[in-house]
**Q** 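Once you've had a glance at the structure underneath, I'll fire off some questions.
Numbered from 1 within each chain, the chains take letters A, B, ... in sequence-line order.
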There are 2 protein chains.
Amino acid sequence: MHTNILIVEDDMAIREMMAFSLKREGFDAIKAASGHEALEQLNQVHPDLIVVDWGLPDMSGIDLIDSIRRDEVIKEVPIIMLTARSEEQDKIKGLERGADDYLTKPASMLELMARIRAHLRRSKGFETSHKLTYQDIEMDASAHEVKVNELAVNLSLTEFKLLKLFLQNPNKLLAREHILNHVWGRNTFVEDRTVDVHILRLRKALKPHARDKWIQTVRGIGYKLASM
Amino acid sequence: MHTNILIVEDDMAIREMMAFSLKREGFDAIKAASGHEALEQLNQVHPDLIVVDWGLPDMSGIDLIDSIRRDEVIKEVPIIMLTARSEEQDKIKGLERGADDYLTKPASMLELMARIRAHLRRSKGFETSHKLTYQDIEMDASAHEVKVNELAVNLSLTEFKLLKLFLQNPNKLLAREHILNHVWGRNTFVEDRTVDVHILRLRKALKPHARDKWIQTVRGIGYKLASM
DNA sequence: CGACTCCATGACAATATCGTCACAAATATG
DNA sequence: CATATTTGTGACGATATTGTCATGGAGTCG
């Protein structure tokens, strides 16, 4: 079976050396020299792991990670950041923003390979059960079913996606911006207020079967799923 | 929700420092000073993540990893190795043998915390909450929650940001100028006195649940969060 | 002890934000 | 094709939040 690894690195020498090492180890290397090239590649292939250089000619590696993590399809892919800087703050920023690992250049190819294998070992056999629950709310994402207190609830598609997002982030505050990106997608132009209306509809749909106030309003920011 | 982290480290100073940092960030730290102590602990609790020192008095950290990975119940737990040696061969051996990550001592606590959160994000499927605490005050920024003495406190957005700034700089004197820049932003035109009013409101909000005087006035300059 | 500066506090008006409804357009359903 | 359902948006009243001011009190200094 093929294991595809995407290398995003503008320095040709390093890029080719990494590709060579990867092939030596039996992986398939996909190459990109810039952030936009990487995004183009990602429209075609869904790699098993991505190695990203911090400093790219057109965008920061962090921005690229943001884009990937916001894409519903590929957001689960492990990402290893690579950088010439060794400042601790960069490392921490990278890890906080969604990178899974962080290496400082000049990186040892052997260590990079070892870390790649460690991450792949994890993500293989990664089976997400499509059941999500929070208290009395049960969702079977693959069957597109929602139950509250064992009673089936009928939700429109948007309401369903909205509830799914909440169930994936229980007790977390979700900004309207964030909700828009994840439920409607990044390139759609929808008013902020629209979120409110759909929250209202979701609340109405959940209300009959259970106690109210599952979705709380955080004034000035957004909403969160929480028990009061 | 509790997130248990097992620290396996024979050096007491390092072990306690790590435990302290973990608690500060809202994790529950379990401690073990040797391999056998670790295995005993693992019979009782199933931690969400394990930090293992390479050199233990009774067994090598690698042997401990082997034991863990052979146990059907806990073998999935993420493991971060920590070592005084920086030899590349050790790193690679550790990663090949089942560690998920590898840090060289003296490790920065901030980097360790960032990596811990990155691994938990993977294994738990969502962001771990990032907590700030100072004495009886607890703030979970991602959930937008503040508790004083375990009791929830309702804060407006400005009050929340203000308290967050204080919690990020405990015991530090913050000038009004500085507060304005960080809470209101650099390009907003707000009177200095406005800070005073919001300090007042924040004090009022915190007061009912706990002893007063957390936020002290420093005449002529600003305020600071400090215990008297 | 004055004289002065600086801060705490309450009141208030302006503003921002939210919940809700109604409606029209888009889409699905039969 | 006719009829539901879903979806996005504007409007508007209710409510929370916010910035500013006025006032009195506390702190500081010679």
**Q** How many whole angstroms separate atom CD of B:Gln216 from atom P of D:dG27?
**A**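 Atom CD in B:Gln216 sits about 13 Å away from atom P in D:dG27.
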**Q** Can a side chain N or O of A:Trp184 be found less than 4.0 Å away from OP1 or OP2 on D:dT7?
**A**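 Looking at the OP1 and OP2 atoms of D:dT7, neither is under 4.0 Å from any side-chain N or O of A:Trp184.
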**Q** Can you tell which of D:dT7, D:dT20, C:dC7 lies closest to the side chain of A:Leu157?
**A**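 Closest nucleotide among those given: D:dT7.
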**Q** Name the residue from B:Leu173, B:Ile215, B:Leu162, B:Val218 that meets the side chain to side chain contact (heavy atoms under 4.5 Å, CB included) definition with B:Tyr223.
**A**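 So, applying the side chain to side chain contact (heavy atoms under 4.5 Å, CB included) to B:Tyr223 and each of B:Leu173, B:Ile215, B:Leu162, B:Val218, only B:Ile215 qualifies.
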**Q** Could you please name the option among D:dT9, D:dC21, C:dA8 that lies closest to any side-chain atom of A:Glu191?
**A**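 The answer is D:dT9, which lies nearest to the side chain.
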**Q** Considering residues at least two apart in sequence or located in another chain, which fulfil the ring-ring contact (aromatic ring centres under 6.0 Å, His included) criterion with A:Phe27?
**A**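 Applying ring-ring contact (aromatic ring centres under 6.0 Å, His included) to A:Phe27 gives none.
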**Q** Out of C:dA8, D:dG19, C:dT17, which has the shortest distance to the side chain of B:Arg201?
**A**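 For the B:Arg201 side chain, the nearest candidate turns out to be D:dG19.
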**Q** Taking only the side-chain heavy atoms of B:Val190 (C-beta and beyond), determine which of C:dC7, D:dG19, D:dG10 contains the nearest atom.
**A**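 Within the option list, the nearest is D:dG19.
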**Q** Can you find a side chain N or O atom of B:Lys204 that sits less than 4.0 Å from OP1 or OP2 on C:dA8?
**A**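 Answer is no, no contact under 4.0 Å.
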**Q** Please pick, from C:dC18, C:dC23, D:dT6, the nucleotide with the shortest atom-to-atom distance to any side-chain atom of A:Ser156.
**A**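 From the listed options, D:dT6 comes nearest.
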**Q** At under 4.0 Å, does any side-chain N or O of B:Thr158 touch on OP1 or OP2 of D:dT17?
**A**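 So the side-chain polar atoms of B:Thr158 never come under 4.0 Å of the phosphate oxygens OP1 or OP2 of D:dT17.
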**Q** Can you check the A:Ile215 CD1 to C:dC18 C1' distance for me, whole Å?
**A**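 Rounded to whole Å, this separation is 15 Å.
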**Q** Ignoring backbone atoms, test whether A:Arg193 places a side-chain nitrogen or oxygen under 4.0 Å from the OP1 or OP2 oxygen of D:dG8.
**A**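 For A:Arg193, the contact criterion (side-chain N or O under 4.0 Å from OP1 or OP2 of D:dG8) is not met.
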**Q** Using a heavy-atom cut-off of 4.0 Å across all strands, would you classify A:Ile199 as base, sugar-phosphate, or nothing?
**A**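 Nothing, no nucleic acid heavy atom in range.
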**Q** Rounded to whole Å, how long is the line connecting atom CG of B:Leu202 with atom P of C:dA8?
**A**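 Nearest whole value for this atom pair: 13 Å.
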**Q** Specify whether B:Phe160 and B:His144 have parallel, tilted or perpendicular ring planes, treating 30° as the upper limit for parallel and 60° as the lower limit for perpendicular.
**A**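 B:Phe160 vs B:His144 ring planes: parallel.
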**Q** Near B:Asn171 CG, under 6.0 Å, is it more than 12 heavy atoms from other residues, nucleotides or ligands?
**A**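 Check passes, neighbour count above 12.
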**Q** Please report the distance, rounded to the nearest Å, between CD1 in A:Ile221 and C1' in C:dC18.
**A**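 Distance, rounded to whole Å: 14 Å.
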**Q** NA contact type, A:Thr194, heavy-atom cut-off 4.0 Å: base, sugar-phosphate, or nothing?
**A**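 Base contact - A:Thr194 has a heavy atom under 4.0 Å of at least one base atom.
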**Q** Round to a whole Å and report the spacing from NE2 of A:His144 to P of C:dA28.
**A**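 From A:His144 NE2 to C:dA28 P: 13 Å.
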**Q** Between atom CZ in B:Arg203 and atom P in C:dC7, what is the gap in whole Å?
**A**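 The answer, rounded to whole Å, is 11 Å.
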**Q** Rounded to the nearest angstrom, tell me the gap between atom CG in B:Asp192 and atom C1' in C:dA8.
**A**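 About 16 Å, once rounded to whole Å.
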**Q** Just to be sure I understand the rule, does B:Tyr223 reach a base, reach only the sugar-phosphate, or reach nothing, if contact means heavy atoms closer than 4.0 Å?
**A**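 Answer is sugar-phosphate: B:Tyr223 comes under 4.0 Å of backbone atoms only.
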**Q** Do A:His119 and A:Asp101 pair up side chain to side chain, a donor and an acceptor below 3.5 Å, judged on atom types alone?
**A**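 Present: a donor and an acceptor within the cut-off.
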**Q** Nearest to the A:Asp196 side chain among D:dT9, C:dA8, C:dC18, which nucleotide is it?
**A**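 Side chain of A:Asp196 sits closest to C:dC18.
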**Q** Which residue, A:Gly220 or B:Arg219, contacts DNA chain C at a nucleotide closer to its 5' end, judged by nearest heavy atom?
**A**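 On the 5' side of the pair lies B:Arg219.
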**Q** Roughly how many Å is it from CG in B:Asn154 to P in D:dT17, rounded to a whole number?
**A**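 Distance check: B:Asn154 CG to D:dT17 P gives 7 Å.
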**Q** Mind checking ring-ring contact (aromatic ring centres under 6.0 Å, His included) for A:Phe166 and listing every partner two or more places apart, or none if nothing turns up?
**A**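 Checked A:Phe166 against ring-ring contact (aromatic ring centres under 6.0 Å, His included); zero matches.
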